[in-house]
Asker: 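Encoded as structure tokens, here's the structure I'll be asking about.
Heavy-atom basis, side chains included; hydrogens, waters and symmetry copies ignored. Both ligands and their constituent atoms are indexed starting at 1 by order of listing. This one's a predicted model, so the numbers in the text were calculated from it and none came from an experiment.
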Amino acid sequence: MTTIPARGLPRQAILAELEERKRGDRSWRQGKLAVYFYWLDEELERVQQEAYLAFWTENNLGQRAFPSLKSLEEEVIAMALSLLGGGAASGGTFTSGGSESIFLALMAARNRARSRRRVTRPNIVLPDSAHLTFDRAAEALGIEARRVPVGPALRAGVAAMAARMDADTVALVGSAPNYPFGTFDPIPELAALAAARGVWMHVDACVGGFLAPYVRRLGHDIPPFELSVPGVTSLSADIHKHGMAPKGASLLLVADAADREWHKFESRAWQRGPYAAYTTQGTRPGGAVAAAWAAMSHLGEEGYLRCARLIMEAKTIMTAGISAIPGLEILAPSDLGIFVWRSVDPALDIGKVAAAMDAEGWLVGRQQEPDGIHLHLNPIHRRFAEDYVAAVSRAVGAARAGEGARMGANERTY
Ligand SMILES: *Cc1c(COP(=O)(O)O)cnc(C)c1O
């Protein structure tokens, strides 16, 4: 059994050990992953690290002690609101990640419906392409999650979702975009439906929030999804994804700041005095806020546009290269830097292609439906786009030659 060492190790030995442990990890710096990380350049990396370290031990629960963190957090929220359609009445909450932002949105929707409409057996209606973290939150909050199949266009079907709503529905969900396909749901239509029934409308822009507005400015067709769309109640956007901040940074934005109160906890039922929080966390890392503020302030609109351009260029190179390989197809549509490719040749087993790529060190994201391979690009992939296409080509050659093992679609590869 591992125990706390009787005698601690010196600093150098600790760092050497940590580096040693990393040796078996996949090399994201070589672009071998298309999931879990975001990287633009050395300069941004240094800004993130130094900003985080500047607040490495400050606790963001203690804003009375650290007005610095309060002002940084308020500016992060204000910058995001201005990017994502917020108005004068809007507000937001800085959270630890997309899962917490979504948890708070569902908790608020449930509490509001419980208070105003006396709903006791709440349900939410969402497309089956929505992130599974909605189901996790629903389970914890005593909410039934009603998943409705997306249509052949890979977008939420508004009529099908309307048909699953009833008097106990507390929220509708749409993604901007979803993770499995990278497609936007029809947010204006879903939000109008939610408004007509007096239901909370949550837009999950965890992955798209800090990318889609810039991809749109580059001239791509990105449908409206922001807080300014009539009927939208809340929107989640992860700063630790395309906001290019280190992990532990997401936002839950609300069109009307008064709706934040539905996910607030407040009590004085102990000896120590009043306690209140809008998040599920108590102690919160000050470094996460400082680094998020630093990333946004360092990049500016120019930097985010650069990220958007690199991602869309990488996507163009990869999708053109992959679709030129006989037997492969890019699943359409896909609106941002997420896409799926698959085999359309019965003699070409995508599981074998996946295993051959894995053997070369690529971390393959296996899509279970349709049976394929999933990619989620970040700016670093522009450098490795041609390498990736060449690797796909070699893997297809190996699979056609019948070499190697196969990687099933239901292996846990998320
Ligand atoms: C990443 C993601 C989430 C969950 O966010 P975490 O930060 O991983 O908790 C939710 N929805 C979408 C669309 C995502 O891409």
Asker: Heavy-atom distances under 4.0 Å decide this one: backbone, side chain, both or neither, for D238 against ligand 1?
Answerer: side chain

Asker: I'd like to know whether ligand 1 has H240 as a neighbour, heavy-atom separation below 4.0 Å.
Answerer: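 It does; at least one heavy atom falls under 4.0 Å.
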
Asker: Could you tell me which atoms of ligand 1, counted from 1 in the order shown, lie closer than 4.0 angstrom to a heavy atom of C206?
Answerer: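 Those of ligand 1 that fall under 4.0 Å from C206 are 2 (C), 3 (C), 10 (C), 11 (N), 12 (C), 14 (C).
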
Asker: Does an N or O anywhere in S99 fall below 3.5 Å from an N or O of ligand 1?
Answerer: yes

Asker: Strictly under 4.0 Å, does any heavy atom of K241 approach an atom of ligand 1?
Answerer: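 It does; at least one heavy atom falls under 4.0 Å.
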
Asker: Between N178 and T183, is there a side-chain donor-acceptor contact under 3.5 Å, judged purely by atom types and distance?
Answerer: yes

Asker: With a 4.0 Å cut-off on N to O distance, would you call D168 and R146 a salt bridge?
Answerer: no

Asker: Going by atom types only, do D204 and S175 share a side-chain donor-acceptor pair under 3.5 Å?
Answerer: no

Asker: With a 4.0 Å cut-off on N to O distance, would you call D371 and R366 a salt bridge?
Answerer: yes

Asker: Give the atom numbers and elements of ligand 1 that come within less than 4.0 Å of a heavy atom of I102.
Answerer: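 The list of qualifying atoms is 10 (C).
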
Asker: Can a non-hydrogen atom of D204 be found less than 4.0 Å from any atom of ligand 1?
Answerer: yes

Asker: Will you find, in the side chains of S96 and K247, an N or O donor that is under 3.5 Å from an N or O acceptor?
Answerer: no

Asker: With heavy atoms of Y179 as the reference, note each atom of ligand 1 found under 4.0 Å away.
Answerer: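 Selected atoms, number and element: 15 (O).
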
Asker: Do P177 and ligand 1 have an N or O pair less than 3.5 Å apart?
Answerer: no

Asker: Out of all atoms in ligand 1, which are within 4.0 Å of some heavy atom of V207? Include the element for each.
Answerer: 15 (O)

Asker: Compute the ring centroids of H376 and H242, then answer whether they are less than 6.0 Å apart.
Answerer: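 Yes, the ring of H376 comes within the 6.0 Å limit of the ring of H242, centre to centre.
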
Asker: Please determine whether a side-chain nitrogen of the Lys or Arg among D41 and R383 lies less than 4.0 Å from a carboxylate oxygen of the Asp or Glu.
Answerer: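 The answer is no: the pair does not qualify as a salt bridge.
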
